[in-house]
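Worksheet: the structure to be examined is printed underneath.
Just so you know, ligand 1 is whichever comes first in the structure, and atom 1 is the first atom listed for that ligand.
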Amino acid sequence: MTSRRIIDLLRHGEPGEVTTLCGWVRTKRELKDFAFLEVNDGSSLQGLQVVLESILPGYEELLRSLSTGASVTVEGVLVASQGKNQRVELKAQSVKVWGSADPETYPLQKKRHSFEFLRTIAHLRSRTNTLGAVFRVRNACSAAIHDFFQSRGFLWAHTPIITTGDCEGAGEQFAVTSFNLGQVPKAADQSVDFSRDFFGKPTYLTVSGQLEAEIMAMAFSNVYTFGPTFRAENSNTSRHLAEFWMVEPEMAFCDLEGDMDLAEAFLKHIFKAVLAQCPEDMAFFNERINPTAIATAETIIHSEFARITYTEAIAQLEKAPRTFEYPVEWGLDLQSEHERYLAEELFKRPVIVTDYPVGIKAFYMRLNEDERTVAAMDILAPNIGEIIGGSQREERLDVLERRMTAMNLSHEDYSWYLDLRRYGTVPHAGFGLGFERLVQFVTGMANIRDVIPFPRAPLSADF
Ligand code: 4AD
Ligand code: MG
């Protein structure tokens with residue numbers, strides 16, 4: 001059975017061509033001697049209009065089974081469309097219904113459903129216009145990411161999902177075990193006897209592939225990871241997931257400046273690629289979801305990102321013509337409201353904040369000469385807040401050891417990480433992009449749970 005994708009028929013189909021298409025019925029409109037179906041196969045926002053004439057054999061029965069949601073293969077001939085919404089439509093010669101969808105129970109009827117409701121039917125919601133557009137754009141973003149790095153000679157490194165360390169040191173890990181939790185083996189002192197667990201020690205789902213990416217960068221110079229990461233933060237917000245995808249480039253012989261330049265070029269590349277590849281979906285987001293979606297994309301592509309130090313950011317927040325819920329004070333982390341003020345109100349474009357206080361950042365970040373700050377950078381985006389977090393890494397063995405001791409981290413557990421500093425150490429830097437936050441940024445979708453097919457969040461792991 002060779003059939004053509006609808007996007008191909010809409011773009012290149014010519015009247016007179018005989019063709020076959022497969023898809024799901026979105027709408028049906030019955031007139032006196034014929035009926036219109038809109039059929040969608042996920043290849044584009046727009047479906048193809050199919051005309052069914054009443055002279056088709058078994059017409060009445062066919063129409064009954066062709067309700068919204070039914071799956072069909074239609075053979076017919078393309079004709080120039082009378083309607084103004086499409087160039088061609090398909091005049092059906094035969095229709096095969098694979099599966100009907102009872103209109104009494106099929107949840108996706110032709111009306112607007114709330115995103116909250118759609119989350120409860122995540123097995124069906126991809127068939128809606130909005131989620132369809134989101135997942136096509138998500139796919140285009142993935143392709144653009146690989147394209148960006150591959151064309152620059154970066155190696156895609158596959159880092160492990162099960163790890164023993166806590167890269168970010170925030171203690172937000174999910175444990176991985178093969179113990180029967182009802183009968184966990186205990187040592188004599190009643191502590192859990194991990195020597196009898198699957199790996200012989202405590203293991204977790206990774207919060208970041210960075211440390212292993214650093215290993216790979218010390219052999220391949222420039223690498224990136226792109227995979228799932230897990231955080232057991234109990235944050236029920238529109239920007240947090242328990243399972244999210246992260247892109248983490250790591251570059252040897254690179255400093256913070258080079259890291260920021262790459263991150264900025266990277267975001268611009270993705271926006272450009274999505275505008276070029278998904279113009280119809282982006283127009284849809286602009287019209288239905290966020291009226292500034294396309295203007296935002298243009299700003300990202302054409303404007304330079306602002307760059308300020310954390311110390312300057314604190315000064316700006318202190319003289320902001322408004323109040324904040326959380327305190328602004330040198331040494332405290334920036335809260336979402338602070339990040340959004342900087343990106344949305346002060347700069348009105350993405351802003352890169354650098355050189356954070358040593359006390360609020362992870363152990364691996366390079367200590368600056370002032371010994372109070374580290375060579376860190378966060379990119380803050382309008383409507384999103386932090387979208388990228390990165391840093392230059394501490395490549396000096398003695399400084400790193402000092403830092404780890406101060407933070408109570410076992411030198412033995414991280415001996416392999418320290419080895420990278422013992423044998424052929426180089427300045428290096430990298431960053432992590434939250435992939436779902438990127439898709440939110442591109443589409444303007446308000447809730448992160450609506451840009452990943454099967455969201456995992458506190459008390460929510462269905463499908
Ligand atoms: O800032 P983070 O914690 O940085 C790291 O993990 C570094 N190891 C990255 C690196 O330098 N290689 O996380 C990176 C990004 C954040 O900026 C944010 O966009 C996203 O990951 N992120 C989340 N996205 C969704 N849900 C969550 N719970 C997230 N936590 C972080
Ligand atoms: Mg961060």
If you measure from each non-hydrogen atom of [X] to ligand 1, which part falls under 4.0 Å: side chain, backbone, both or neither?
| X | result |
| --- | --- |
| His240 | both |
| Arg393 | side chain |
| Thr229 | neither |
| Met246 | side chain |

Out of Phe441, Phe244, Tyr224, the nearest non-hydrogen contact to atom 21 (O) of ligand 1 is supplied by Phe244
Shortest protein heavy-atom distance from [atom], along with the residue and atom involved:
| atom | value |
| --- | --- |
| atom 13 (O) of ligand 1 | Arg231 NH2, 3.7 Å |
| atom 18 (C) of ligand 1 | Arg437 NH1, 3.5 Å |
| atom 12 (N) of ligand 1 | Glu248 OE2, 2.7 Å |
| atom 7 (C) of ligand 1 | Glu168 OE2, 3.2 Å |
| atom 26 (N) of ligand 1 | Leu241 N, 2.9 Å |
| atom 17 (O) of ligand 1 | Glu386 OE2, 2.6 Å |

Can you tell me if Tyr364 has a non-hydrogen atom under 4.0 Å from ligand 1?
yes
Lys361 touching ligand 1 at heavy-atom level, < 4.0 angstrom
no
If you measure from the Lys or Arg side-chain nitrogens to the Asp or Glu carboxylate oxygens, is any gap between [X] and [Y] under 4.0 Å?
| X | Y | answer |
| --- | --- | --- |
| Arg393 | Glu250 | yes |
| Asp255 | Arg366 | no |
| Arg402 | Glu394 | no |
| Arg136 | Glu280 | no |

Please answer whether the main-chain N or O of [Y] pairs with a side-chain N or O of [X] as donor and acceptor at a distance below 3.5 Å.
| X | Y | result |
| --- | --- | --- |
| Asn40 | Ser44 | yes |
| Arg437 | Leu433 | no |
| Glu312 | Thr309 | yes |
| Arg5 | Asp41 | yes |
| Tyr310 | Gly331 | yes |

Is the shortest N/O to N/O distance between [X] and ligand 1 below 3.5 Å?
| X | result |
| --- | --- |
| Glu250 | no |
| Glu233 | yes |
| Ile387 | yes |
| Leu433 | no |

Would Arg119 count as a cation-pi partner of Phe115, with NZ or CZ less than 6.0 Å from the six-membered ring centre and within 45° of the ring normal?
no
Indicate every side-chain donor-acceptor pair of residues 354-362 with a distance under 3.5 Å to a residue at least two apart or in another chain.
{"from": "Asp355", "atom 1": "OD1", "to": "Asn368", "atom 2": "ND2", "distance (Å)": "2.8"}
{"from": "Tyr356", "atom 1": "OH", "to": "Asp378", "atom 2": "OD2", "distance (Å)": "3.4"}
{"from": "Lys361", "atom 1": "NZ", "to": "Asp378", "atom 2": "OD2", "distance (Å)": "3.4"}

If you count the atoms of ligand 1 from 1 in the order shown, which ones are under 4.0 Å from a heavy atom of [X]?
| X | value |
| --- | --- |
| Ser208 | 6 (O), 8 (N) |
| Gly434 | 15 (C), 19 (O), 20 (C), 21 (O) |
| Arg239 | 25 (C), 26 (N) |

With a 6.0 Å cut-off on ring centres, are Phe363 and Tyr414 close enough?
yes
N/O/S atom name from Glu386 that is nearest to the position of the Mg ion (ligand 2)
OE2
Give a yes-or-no answer on whether the side chains of Glu436 and Gln440 include a donor-acceptor pair shorter than 3.5 Å.
no
